[in-house]
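Note: hydrogens, waters and symmetry copies are ignored here, and every other heavy atom, side chains too, is used.
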Amino acid sequence: MSEQGRTVASIDDRPSWELLAKCVHCGLCLNHCPTYRVLGMEMDSPRGRIYQLTQVQNGQMQIGESVALHIDRCLGCLACETACPSGVQYGRIVERARAQIETNYPRSFPVSAVRRFFFGKVLHNQRLLAFLAVLVRFYQRSGLQTLARKTGVLRLFGMADLDRLSPRIDSQFFFPEIGKVFPAVGERRGKVAFLAGCINSVAFSHLNHATVKVLTQNGIEVHIPAGQGCCGALDAHAGFRDDARALARKNIEIFLKGGYDAIVTNAAGCGSLMKEYDDLLAGDTQFSSRAHEFAAKTKDVTEYLAQVGLRPPQKKIGRSVIYQDACHLLHAQKVRTAPRDLLKAIGCQLVEIPHADQCCGSAGVYNVVQNELSMKILDAKMDDIGSVSADMLATGNVGCMIQIRAGVEQRRMNLPVKHVMELLEEAYS
C-alpha cells in the first residue's frame, strides 16, 4: 500500500491479540514510564496505551486523534519492558500500533510531507543526507547560527530548543570510509563488519573513527562493507515498517556475505532494531532465516569488546565518569555491565546517578517532534546528573549525547559528554 508514492505498512502489522493479552494491567510499569511521570495521565502510560489498542482490536474504538496522540507521545524507551513481570513485549506493540496509525490515520499535509521527505528520502539516500548536512554546516559556521541566537529570532519562533539539539556537522564525513578494511593490530582475534550509520557519518565521524581504532588495537579486523545503508530503526519507530523491511533486506544481503564473527554498531538505537530483524521479517519466507542469522550476529561494540576482552590500554584515564544508560542499550538489548566494565578497565572511576536507567528524552527524533515534553523529561535527567560530581559523562548512543549536551549547555555545567568509545580511544592513543 502506498500514500502519495510513500510505502506504508500493511495490515499484517497490527498488534496481535497474543501481544496485547500478555498485559494484566498491574500498573508496575507506571512509575518507570517517563511520559506518565511527567503528565500523570493513564492514557500516557504503557498500560493505558495497551488498553486503547485492545479496544481498537475489539472494534470498540477507532484509530483517530486520541490513539495517535497517546501513541505518538511514547518515547519507546522500553523501561516498562524491564519493569514488567508478565514479559509484555511493549516495543513490538507500539511499533505495530504506529504502523497501523500510519495506514489508517490521515495526518495534516505539512506533517505528512515532512515525514515522507525525512523518512523516505533523507535517511535512504546518503548523497541527499550529505548535501543537507553541508547546508546545516554552513548555517552553523558562517555566523548565521550565532546571529540567530543573539538576536532572539530563534526564541521568537520557538526554535531555540531545537537549535540547541542540532549536532555540530563534521568538517569531513565518514562516507569515504565505507568499503574499506582496517587490519587488526598484532595477532588477529576477530573479524567484524561495522555499521557506519546515518547521523554518525555526518556529525559523529570522529566517534566512528574511534570505534574502528579501538577495535583494531584489540586485534579485530574491521570491515565497513560497501553498499550498506540506514538500519531502518527510525522508519520502524515511526510506523514505516515496510520501508524498514526494505532497508533490512539490503543490509542482510550486504553484511552476511563476508563471514564475519559479528556485525557491530556504536549506536544503541540501530543495534536494537538490527537485533530484531528476525521479527521485522518474520513473514518473509525468502529472508526470515537470514534475518535470524543477522540478528544473532549483531552486537553493540561495547558488548562485543567485553566478550573478546580488552588488551591492556596504553594509558589509564583516571577521571571520574558518570555512565548514563542509553535506553535502547539497557532496556532493548539488555546490555548493562559491558560499558561499565570497559570504563573501569581503562581506569575510570564510575559515578552512578539516581535513575540512570531512565530516559533522557532523546528517543530518535522524539526530541524534535515532541520537543516540549522531551525537554521536561530532560529536566528530570539533568536534576539527577546535577546531584553528583564528576569530571565527565559517558553514554552509548549519539542521540543521548546530543540531548544531554543540550541540557548541559542550558544549565551552564562544566561537564563534557562523550561516547564510551571516545574514552576507550583516548586510552589507546
Side-chain angles (χ1 to χ4, degrees), residues 6-10 12-13 89 91-92 95-96 98-99 119-127 129 174-175 177-182 190-201 208 211-212 215 220-301 303-304 307 328-329 332-335 364:
R6 179 79 172 96
T7 304
V8 295
S10 65
D12 295 333
D13 278 319
Q89 294 177 299
R92 295 187 178 188
E95 284 194 1
R96 284 162 167 79
R98 285 175 172 161
F119 292 109
K121 302 295 184 183
V122 177
L123 292 179
H124 298 195
N125 188 321
Q126 291 178 352
R127 288 184 179 180
L129 175 61
F174 194 76
F175 294 129
E177 308 302 316
I178 295 176
K180 293 183 180 180
V181 177
F182 295 84
K191 173 185 173 185
V192 303
F194 175 58
L195 180 86
C198 303
I199 304 303
N200 277 25
S201 292
N208 280 357
T211 301
V212 171
L215 286 166
I220 309 301
E221 181 179 291
V222 181
H223 295 241
I224 309 178
Q228 64 173 278
C230 176
C231 68
L234 291 178
D235 288 84
H237 299 333
F240 298 114
R241 281 173 66 85
D242 277 350
D243 283 3
R245 288 187 180 100
L247 294 168
R249 292 184 188 104
K250 179 182 178 183
N251 283 327
I252 288 169
E253 294 276 17
I254 295 295
F255 281 92
L256 290 186
K257 286 180 181 177
Y260 306 112
D261 302 326
I263 301 163
V264 299
T265 174
N266 56 22
C270 298
S272 66
L273 181 78
M274 291 160 67
K275 288 182 177 182
E276 294 231 325
Y277 273 7
D278 52 341
D279 174 64
L280 190 64
L281 296 170
D284 188 322
T285 55
Q286 184 181 353
F287 277 87
S288 59
S289 62
R290 282 187 287 172
H292 182 78
E293 180 186 354
F294 184 101
K297 280 181 175 285
T298 299
K299 304 285 183 185
D300 183 80
V301 65
E303 179 185 19
Y304 178 76
Q307 287 176 355
H328 279 90
L329 194 54
Q333 300 185 55
K334 311 303 180 188
V335 176

List for me each residue that meets side chain to side chain donor-acceptor pair (under 3.5 Å) alongside Asn266, sequence neighbours excluded, and say none if there are none. Asn200, Asn208, Thr211
For residues 284-296, pull every pair meeting salt bridge (charged side-chain N to carboxylate O under 4.0 Å, His left out), keeping only residues two or more places apart or in separate chains. Arg249-Asp284, Glu253-Arg290
Can you check whether Val192 reaches Lys299 side chain to side chain, under 4.5 Å on heavy atoms? no
Got a sec, which residues hit ring pair (Phe, Tyr, Trp, His ring centres under 6.0 Å) with Phe182, two or more places apart in sequence or on another chain? none
For Asp261, what residues pass the salt bridge (charged side-chain N to carboxylate O under 4.0 Å, His left out) criterion, not counting sequence neighbours? none
Residue pairs meeting salt bridge (charged side-chain N to carboxylate O under 4.0 Å, His left out), one or both in residues 269-282, sequence neighbours left out, come to Arg92-Glu276, Arg92-Asp279, Arg96-Asp279, Arg241-Asp279, Lys275-Glu303
Just how far is it from atom CG of Leu123 to atom CG of Leu234, taken to the nearest 0.5 Å? 5.5 Å
Over all atoms of both residues, closest heavy-atom pair of Leu273 and Cys231: CD2-O, 3.5 Å
Closest non-hydrogen atoms of Ile254 and Pro225, given as atom of the first, atom of the second and distance, are CG2-CB, 3.5 Å
Any heavy-atom pair between the side chains of Phe255 and Thr298 that's under 4.5 Å? no
Of the non-hydrogen atoms in Lys191 and Tyr304, which two are nearest, and what is the gap between them? N-OH, 4.3 Å
Any residue meeting salt bridge (charged side-chain N to carboxylate O under 4.0 Å, His left out) with Lys180, in chain and number order, not counting sequence neighbours: Glu177
Looking at OH of Tyr277 and OG of Ser288, how far apart are the two atoms once the value is rounded to the nearest 0.5 Å? 15.5 Å
Check for a donor-acceptor pair, side chain of Gln228 on one end and backbone N or O of Ala196 on the other, with a separation under 3.5 Å. yes
As a quick check of understanding, evaluate side-chain contact (heavy atoms from CB on, under 4.5 Å) for Leu281 and Ile252, giving each step before the final call. CA-CA 11 Å; Leu281 296 170; Ile252 288 169; 3.5 Å; yes
Please name the pair of heavy atoms, one in Gln333 and one in Gly271, separated by the smallest distance, quoted to 0.1 Å. NE2-C, 3.6 Å
Identify the two heavy atoms, one from Cys230 and one from Asp235, that lie closest to each other, and give their separation to 0.1 Å. SG-OD1, 4.5 Å
When you compare the side chain of His237 with that of His328, does any pair of heavy atoms fall below 4.5 Å? yes
Nearest heavy-atom neighbours spanning Cys270 and Leu195: CB-CD2, 3.9 Å
To the nearest 0.5 Å, atom CZ of Phe119 lies from atom CZ of Phe240 at 6.5 Å
Is the NE2 atom of His223 crowded by more than 12 outside heavy atoms at less than 6.0 Å? yes
Show your working on side-chain contact (heavy atoms from CB on, under 4.5 Å) between Leu280 and Glu95 and close with a plain yes or no. CA-CA 10 Å; Leu280 190 64; Glu95 284 194 1; 5.7 Å; no
Should Phe194 and Val264 count as side-chain neighbours, where that means a heavy-atom distance under 4.5 Å? yes
